[in-house]
Amino acid sequence: MAKKNSLHEISKISLLLLSLILLFFLLLPGQNIYQKKEKEKIPPLLDFPLTIPTPAPYPMNLSGVLSPQLSAEAILVIDLPSQIVLLQKNPQMRLAPASTTKLMTALVALDQYKLDDVLLVEKVISEGKTMDLAVGDKLTVENLLYGLLVHSANDAAFVLAQNYPGGDERFMEKMNQKAREFSLEDTHFTNPAGFEENAHYTSARDLARLATIALNNPTVAKIVGTPAITVHDVGFTRFYKLENVNALLGKIPGVLGVKTGWTENAGECLITALNKNGKKILIVVLGSQDRFGETNTLINWVFGNFTWQIIEPSRKD
């Protein structure tokens, strides 16, 4: 009899446990509720716009006419939208950059100063091309940048560097730091103007990259495209007439600037940006005997022989 009662008690306990388990599952929210909430959180794929970028037209020399033979030690011609190299000669040869250096000088100055900041001329630099600054002159950074990039004034370059926090030594550190940031592997600067020094060098490839970056700065792009301008000190007592050294600017349609350079050892240097017939190219010549003539020859060769075509990737069904 005791055994029978014991079995009865076990049956009651088992029934109670089974009832509790069934009640738990009845009260538990169904899996479909969670699935529904997850679906509400994630919008359907078709709600997102699907944009496939249009490839830049690809420049192709369909005429087969070879590039002209030029005196420049290094040459690089690039189609800017596609970054296709149209012509290169010793693109990584380390050469003296002369005043093309001033593009980096301008970028470092723009990182530190505002255009309306006023800088004091504490020391006069008279070597090479200048805007005839005098000790005690006070000019805005913007007007010094016009002197730097339009007139290629060495004195403007040194005023920008000497007023930098930490002086011109710190300014040079920043120039070389930016060179590393821009991956200019064949470039090193020792002065802000482009004076000849053994450790002051660059390459056509690096200058093309530097110029491309500089042209993306609206202030630089505006100034390098200025044929001539007269600027003044903050007191309107001294005026400086500045003329762009780039002889192609304003004479060859589509030329946008960018920067000239010359020293006895560097030879004639020129970086030129051009927008012609909706096509943008960049030309760098270093160590040339005729920078303007050879750049013009390259412009005629490119636009006389290249055709821009959109290359569509092949599609498989």
Side-chain angles (χ1 to χ4, degrees), residues 56 58-104 152 179 182-189 194 196 200-215 224 244-249 251-277 279-308:
Y58 191 97
M60 304 177 69
N61 185 350
L62 299 180
S63 71
V65 176
L66 298 178
S67 60
Q69 296 297 312
L70 304 175
S71 69
E73 289 187 72
I75 300 170
L76 194 61
V77 183
I78 296 177
D79 175 63
L80 284 174
S82 66
Q83 289 294 292
I84 297 298
V85 174
L86 309 183
L87 176 66
Q88 60 181 340
K89 173 185 177 182
N90 300 325
Q92 292 181 258
M93 179 183 286
R94 293 182 175 183
L95 298 167
S99 285
T100 60
T101 299
K102 294 183 173 89
L103 283 178
M104 184 64 87
S152 198
F182 296 161
S183 297
L184 308 185
E185 298 174 357
D186 300 301
T187 296
H188 187 264
F189 301 111
E196 289 184 0
H200 193 94
Y201 54 81
T202 191
S203 67
R205 186 191 67 170
D206 284 2
L207 282 180
R209 184 173 296 164
L210 175 60
T212 301
I213 294 169
L215 287 171
V224 297
N244 204 309
V245 184
N246 190 344
L248 303 182
L249 188 63
K251 294 183 180 179
I252 295 182
V255 170
L256 307 174
V258 176
K259 192 68 195 76
T260 59
W262 179 88
T263 63
E264 186 174 350
N265 290 328
E268 297 185 15
C269 306
L270 182 63
I271 308 170
T272 303
L274 183 81
N275 186 347
K276 183 176 180 180
N277 302 328
K279 307 296 185 265
K280 296 181 180 180
I281 65 170
L282 186 76
I283 300 174
V284 179
V285 295
L286 296 177
S288 171
Q289 296 176 12
D290 180 13
R291 56 187 172 181
F292 300 124
E294 293 192 338
T295 297
N296 190 32
T297 297
L298 288 168
I299 292 171
N300 292 332
W301 173 70
V302 169
F303 287 95
N305 296 284
F306 280 81
T307 301
W308 277 257

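Worth saying up front: this structure is predicted, and the values here are computed from it rather than measured.
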Which atom of [X] lies closest to which atom of [Y], heavy atoms considered:
| X | Y | result |
| --- | --- | --- |
| A96 | C269 | O-SG, 4.1 Å |
| K280 | P81 | O-CD, 3.4 Å |
| M104 | A179 | CE-N, 3.7 Å |
| A211 | V258 | CB-CG1, 4.5 Å |
| L87 | S67 | CD1-OG, 3.4 Å |
| I283 | L298 | CG2-CD1, 3.7 Å |

Decide whether T272 and K259 meet the rule of one side-chain donor and one side-chain acceptor closer than 3.5 Å.
no
May I ask you to check whether Q92 and S203 show a side-chain donor-acceptor distance below 3.5 Å?
no
With a 4.5 Å heavy-atom cut-off, do [X] and [Y] have their side chains touching?
| X | Y | result |
| --- | --- | --- |
| I78 | I281 | no |
| K102 | S152 | yes |
| L270 | L248 | yes |
| S63 | N61 | yes |
| L274 | I299 | yes |

Who are the side chain to side chain donor-acceptor pair (under 3.5 Å) partners of [X], not counting sequence neighbours?
| X | value |
| --- | --- |
| N277 | none |
| T187 | T202, D206 |
| Q83 | none |

Consider side-chain contact (heavy atoms from CB on, under 4.5 Å). Of V285, T295, L286, which one does I75 pass it with?
V285
How would you list, by chain and number, every residue that makes a side chain to side chain contact (heavy atoms under 4.5 Å, CB included) with [X], sequence neighbours excluded?
| X | result |
| --- | --- |
| A214 | L103, L107, V220 |
| L256 | A273, N275 |
| Q88 | L76, V85, P91 |
| L62 | M60, T307, Q309 |

Using modelled atom types and a 3.5 Å cut-off, is there a donor and acceptor pairing between side-chain atoms of [X] and backbone atoms of [Y]?
| X | Y | result |
| --- | --- | --- |
| R291 | G261 | yes |
| E196 | N265 | yes |
| T297 | G293 | yes |

Applied to residues 65-91, the salt bridge (charged side-chain N to carboxylate O under 4.0 Å, His left out) test, sequence neighbours excluded, yields none
Is the count of non-hydrogen atoms from other residues, nucleotides or ligands lying under 6.0 Å from K279 atom NZ greater than 12?
yes
Heavy atoms from other residues, nucleotides or ligands near OH of Y58 exceed 12 (cutoff 6.0 Å)
no
Suppose we screen for salt bridge (Lys or Arg N to Asp or Glu O under 4.0 Å). Which residues come up paired with D186, at least two apart in sequence or across chains?
R94, R205
Applying ring pair (Phe, Tyr, Trp, His ring centres under 6.0 Å), can you list everything that pairs with [X], at least two apart in sequence or on another chain?
| X | answer |
| --- | --- |
| H200 | F189 |
| F303 | W308 |
| F306 | W301 |

What distance separates L215 CG from L80 CG, expressed to the nearest 0.5 Å?
7.5 Å
How long is the gap from OG on S183 to CG on L210, to the nearest 0.5 Å?
12.5 Å
Show your reasoning for whether side-chain contact (heavy atoms from CB on, under 4.5 Å) applies to L95 and Y201.
CA-CA 5 Å; L95 298 167; Y201 54 81; over 6 Å; no
Checking side-chain contact (heavy atoms from CB on, under 4.5 Å) for the pair V302/V77: CA distance, chi angles, key distance, verdict?
CA-CA 9 Å; V302 169; V77 183; 3.9 Å; yes
